[in-house]
Amino acid sequence: MLLSNGALAACPKSGIQLPAGNLERALIALGRQCKISVLVQTSSAASYNLPEKFLDSENGEFEPALQQLLQGSPFTYERVGPGAVAVLTREAEEEDTEALPAHTEEITVTGQSLTGSHLRHLQLDSYAPIDVLAQPELEITGAQTIAELLKFLPAVSGNSTSTSVSNGGNGTATVTLRGLPASNTLVLINGRRIVSNGFGGEAADLNTIPLSAVDRIEILKDGASAVYGSDAIAGVVNIILRKDFEGLSLNSYYGQAQQGDQQTESHHLTWGTNGERGHLMLSLAHYSQGALMSRDRELSASADNRPRGGTDQRSSASPDGFIALGDGQIVTNAESGGFRDWSQDDRYDYREYTSAVVPSQRQSGYLEGNLDLGDNTLAFVEAMGIRTAAKSTLAPTPVFTRFDNGDLTIAADHIYNPFGEDIVDVRKRVLELGPRIQKNRTDTWRLNAGLKGMWDSWEWELTAAFHYTHATESLSNLINPHTLSLGLKGPDICNPEFDCVPTNLLGPSGSIDTAQLDFVRGQSKVEGATRMSSLTYITNGTLGSNGAGDVLAAAGVEFRRETIDFRSNDAMGLSFIGGHAAGSAEGLRMIGEAFAEISVPLAEDKVWLDGALRYSDYSDFGNTANPKLAIRWRPSPSLMIRASYATGFKAPTLVDMNQSGYQSQEYLFDPCTRSDADALPGCRGQADIARIQYLTEFGGNPNLQPETSDNRSLGLVWTPRRLQGFSATLDLFDIRQNDVIDTSPQYLIDRNAYAGLFTDRVMRDASGDITKIFATRLNIGAREVRGFDLALRYEHNSSEIGQLRWSFNSSHMQHYLNQAAPGSTVEDLAGTFVDAASGGAGSLPQWKANTGIYWHKGRWEGGYTIHYVSDLAESFTLDEKRVTRTINSWSSHDLQLAYALPLGLRFAVGIDNLLDREPPFAATAFNDNFDGRTYDLSGRYWYTTLAYNL
């Protein structure tokens, strides 16, 4: 997936028009149009004049165009890294290549600055590791969404969300670098902050950014709070949208799994035109993804995992009922009538109904334009609107009368109670309601407009931004706890006179008729909106020079206003049975920030000192200042050593500080269910062993402070000149995070059981069973993540085989130390899996990698990519013993072949997961027996694309 950055050389296929003038001017124009950096000795290039030229670039390749430009001149070129080209005099070419810097003391750098700095560095000269996915990479992967594109990146692990998460998902997609929560990775569009999703406000929703409008994606794998402010602890994903496009582009995609499901299609149109003073571009896109049901894959078809070495995760809430009588006997309805003893074999397998991949649709429009106002000033505007919709299917609602909200005791004189006693504990799967249907819809609008220009040697930009996201969620076929409570009372309370319909939870499946269903049926609805408006001014240029070179600097100010307002129709403060109460949150904050960067050369072409500082003032919690200091040393022309230290912060979200009334049935483990519960200080005997869900109420905290971090990195960049087209980078990283905002109900239960603490937060009844957990957000956690990234890239060009590129990209997590709260045990989570549904950090493989080889010659293009995830360890209780098992390593092979037809057509076919490997089984995975955030359940997947460019 991560190809050689030579792929950044994407020239206009219509050709390149160069003005008459000197070679320096021509190279600047060529580099800008082909998006590649060119290094040249300005004194020699400025003295060599050229007539006006038109360069043919039918296939969009840079090197043939450069060869045309230099033909017949005393200049040649050589690759000095996959993302840069040096133009030399032919005399310099004949000299020792180790002396090359002497011929490039003065350079002209064309192209664009990269994520992580407002200064203009070459990628391989950056003080931080950056991965770039450019247009050729986007095409060759066959990905149709940004989340799909980023899922297998080696630096991505943990609990990112996508439509591969059904139960517990909300139709959004996020990215999690270094296994840290999504709120610790900052997502930018064109280097600018965007509004977060409409509910949590925690992180940007990648589904609200159409991939068809993307030019490239830059992933900064280092902390960047000194440059961008809050949230950039694990890194930054900067999504650069297309601009300056001229012509017409049409693209259609269709794919489906080999088993005939998950049909997906997308269509997009892009049109652009240049005028004498400006440019205008419009991009429209439609995307539709079909469903994949759990029952349609062997791995996910059953929740009974005992044959695979796991536990029976089927539900004790069965269609014929789990009925606990006063004498301790547990019965269920018999097929022949009457009742019989309930057994573990009566557990209900809910996977028949659940969707594993959520069907979703998106429509988007993107408008970009600019106008030359003269005097080196340009006005620009970017406007985007996108609508996303998703529909999940969940099993019919389960009722746990003893543990759900409300007084759900079935009265002894209830007309459907044949036992003549109050029944407290009934677990019933109400199939009569039908499956639960969750619908999510999001409308997002973004507008950026401003001015930019040049003043002397300084660039400046003034931008005003207005962003708005509105999200809704509905979950139908739930049960209202208040009406059900009435329906379970005796005839003196529940009768037609009081408009009450007695509800039969004690009969066999099918006993609840339409009148009863209409009486108890409920639907949860959540509606939320987030808004962000900002004004930003940035300038960068040359501050001066010393004996070692130019001193680069940048500075700016930013003012933002952020608001969130979401509410749910909970059942008068209680969650609907079978759903959750999202509660409500309303908040506003004002933010003022000032920032500056500087790069000082200490030794000519050898040593640079880089620094950045950002001061942030928040209206709700106060202020913070975060510096970054880096040094780059080039002991030889082919080797650079870089090191950096920075502090970072993540501001508590408006939801963290303001949410109230959020209730959910969480998947947790109570140590009091063990047979030795009598020996544990917090237990009152052995609790119910059949339970896996516990009613939990979360809450915001207006006194929260920011999470803070220290980021350290050390890296090597090697670009041997004797092996042109090759580069290698090795980057060590260490992230230490304190004051982590956490709710951790599992931690509360553990400390309650093992130490008798948190009795005011973990509520137990007389039998020792948990009735409710109160989990308020606190600054209590700490983490340290350490590891390294290794990337190798090579590009070879020849007339015989064309362009051949190879890449290897990997990330190793040495340790992931996590402390849930002060005084608690520090756990090393590297190489482990703990499901997000249980409050865990997800899959944190010690190794994650991909490698691929890519070929392009004439009209043909092909790619072969291998993704790899190392094995993981998971722990769970089996037969009252704590066991640890291995989740096997996994790899996937992707293949694509494309052919450029005449008249601007391009046809491609591809196969994802060529070997049809299913994900590795995870005994503790709540959704579908595997981690959908890390692996893919689809199996072998075929697709085809047809594109037309004019």
Side-chain angles (χ1 to χ4, degrees), residues 1-10 34-37 60 62 81-83 111-116 122-124 126 128-157 160 162 173-177 185-191 204 206-207 209-222 235-243 251 253 268 727 729 731 789 791-795 803 805-811 848-854 856 861 863-867 894 896 898 908 910 912 945:
M1 185 179 292
L2 292 178
L3 310 184
S4 160
N5 290 301
L8 286 175
C34 294
K35 302 181 179 69
I36 193 170
S37 295
F62 171 74
Q112 304 180 31
S113 59
L114 292 170
T115 303
L122 285 173
Q123 179 185 352
L124 295 178
S126 172
I130 300 172
D131 287 335
V132 179
L133 300 173
Q135 268 294 325
E137 287 92 338
L138 305 185
E139 289 183 353
I140 204 68
T141 62
Q144 296 301 299
T145 68
I146 293 177
E148 181 184 356
L149 188 72
L150 299 180
K151 182 173 183 175
F152 292 118
L153 286 183
V156 175
S157 59
S160 57
S162 71
T174 59
V175 59
T176 52
L177 292 174
T185 296
L186 178 63
V187 176
L188 307 173
I189 294 181
N190 293 339
L206 299 179
N207 285 341
I209 307 171
L211 186 59
S212 59
V214 174
D215 179 69
R216 68 183 188 275
I217 301 174
E218 299 174 355
I219 301 101
L220 171 70
K221 299 178 291 187
D222 194 16
V236 179
V237 175
N238 187 11
I239 299 167
I240 311 299
L241 301 181
R242 301 176 75 174
K243 55 185 177 181
N251 188 291
Y253 166 99
H268 66 257
S727 70
T729 60
D731 290 281
D789 299 319
L792 308 173
R793 300 180 177 94
Y794 177 69
E795 179 178 329
Q803 182 186 59
R805 298 172 296 177
W806 170 79
S807 71
F808 173 82
N809 196 17
S810 65
S811 184
K848 193 174 180 184
N850 56 45
T851 185
I853 187 165
Y854 310 93
H856 184 195
E861 185 178 6
Y864 188 85
T865 308
I866 303 173
H867 306 288
D894 299 342
Q896 188 188 92
D912 291 340
T945 63

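Side-chain atoms are counted along with the backbone in the values below, which use heavy atoms only and exclude waters and symmetry mates.
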> Suppose we screen for side-chain contact (heavy atoms from CB on, under 4.5 Å). Which residues come up paired with Ala155, at least two apart in sequence or across chains?
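Ala155 satisfies side-chain contact (heavy atoms from CB on, under 4.5 Å) with Leu177, Arg178, Lys221 once adjacent residues are dropped.
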> Does the side chain of Leu211 reach to within under 4.5 Å of the side chain of Thr145, using non-hydrogen atoms?
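Result no, sub-4.5 Å side-chain heavy-atom pair not found.
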> Search all heavy atoms of Ser160 against all heavy atoms of Thr176 and return the closest pair with its distance.
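Ser160 and Thr176 have their closest heavy atoms at N-OG1, 3.4 Å.
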> For Thr174, check side-chain hydrogen bond (donor to acceptor under 3.5 Å, both in side chains) against everything at least two apart and list the hits.
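Applying side-chain hydrogen bond (donor to acceptor under 3.5 Å, both in side chains) to Thr174 gives Thr161.
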> Can you name the side-chain contact (heavy atoms from CB on, under 4.5 Å) partners of Ser157, sequence neighbours left out?
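If we apply the side-chain contact (heavy atoms from CB on, under 4.5 Å) test to Ser157, skipping adjacent residues, the hits are Met813, Leu844, Pro845.
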> Which distance, rounded to the nearest 0.5 Å, do you find between the CG of Asp789 and the CG of Asp222?
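Here the rounded value is 10.0 Å.
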> Looking at every heavy atom in both Ala143 and Leu149, which two are closest together, and how far apart are they?
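In this case the closest contact between Ala143 and Leu149 is CB-CD1, 3.8 Å.
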> Restricting to side-chain contact (heavy atoms from CB on, under 4.5 Å), what partner residues turn up for Asp731, sequence neighbours left out?
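Partners of Asp731 under the side-chain contact (heavy atoms from CB on, under 4.5 Å) test: Pro129, Arg642, Thr729.
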> Do Asp894 side-chain atoms and Thr865 backbone N/O form a donor-acceptor pair below 3.5 Å?
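Not at all, since once roles are kept as given, no pair shorter than 3.5 Å links the two residues.
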> Any non-hydrogen side-chain atom of Leu186 less than 4.5 Å from a side-chain atom of Val237?
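No - every pair of side-chain heavy atoms lies 4.5 Å or more apart.
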> Going by the rule side-chain hydrogen bond (donor to acceptor under 3.5 Å, both in side chains), which residues pair with Asp912 if we only count those two or more places apart in sequence or in a different chain?
none
> Kindly compute the distance separating CD (Glu795) from CZ (Arg793), expressed to the nearest 0.5 Å.
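Interatomic distance, Glu795 CD to Arg793 CZ, rounded to 0.5 Å: 12.0 Å.
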> Quick one: does any side-chain atom of Thr851 pair with a main-chain N or O of Ser807 as donor and acceptor, under 3.5 Å?
yes
> Do Val187 and Leu206 have side chains that approach each other closer than 4.5 Å (heavy atoms only, starting at C-beta)?
yes
> To the closest 0.5 Å, what do you measure between OH (Tyr864) and OH (Tyr854)?
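Tyr864 atom OH to Tyr854 atom OH measures 11.0 Å (nearest 0.5 Å).
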> What's the spacing between Ile146 CD1 and Ile239 CD1 if we round to 0.5 Å?
3.5 Å
> What pairs with Ala849 under side-chain contact (heavy atoms from CB on, under 4.5 Å), at least two apart in sequence or on another chain?
Phe808, Ser810
> Identify the heavy atoms of Lys848 and Lys151 that sit nearest to each other, and give their distance.
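Between these two residues, the closest heavy atoms are NZ-O, 2.9 Å.
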> Looking at side-chain heavy atoms only, is the closest gap between Val236 and Leu188 below 4.5 Å?
yes
> Can you list the steps and then say if Arg216 with Glu218 is a salt bridge (charged side-chain N to carboxylate O under 4.0 Å, His left out)?
CA-CA 7 Å; Arg216 68 183 188 275; Glu218 299 174 355; 2.6 Å; yes
> CG/Leu153 to NE2/His867 distance, rounded to the nearest 0.5 angstrom?
9.0 Å
> Considering non-hydrogen atoms only, spot the tightest contact between Gln144 and Tyr253 and give its length.
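Taking Gln144 first and Tyr253 second, the nearest heavy atoms are NE2-CD1, 3.3 Å.
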> Locate the shortest heavy-atom distance separating Asn190 from Ile240; write the atom from each residue and the value.
OD1-CA, 3.4 Å
> Atom CG in Asp215, atom CG in Leu133: separation rounded to 0.5 Å?
11.5 Å
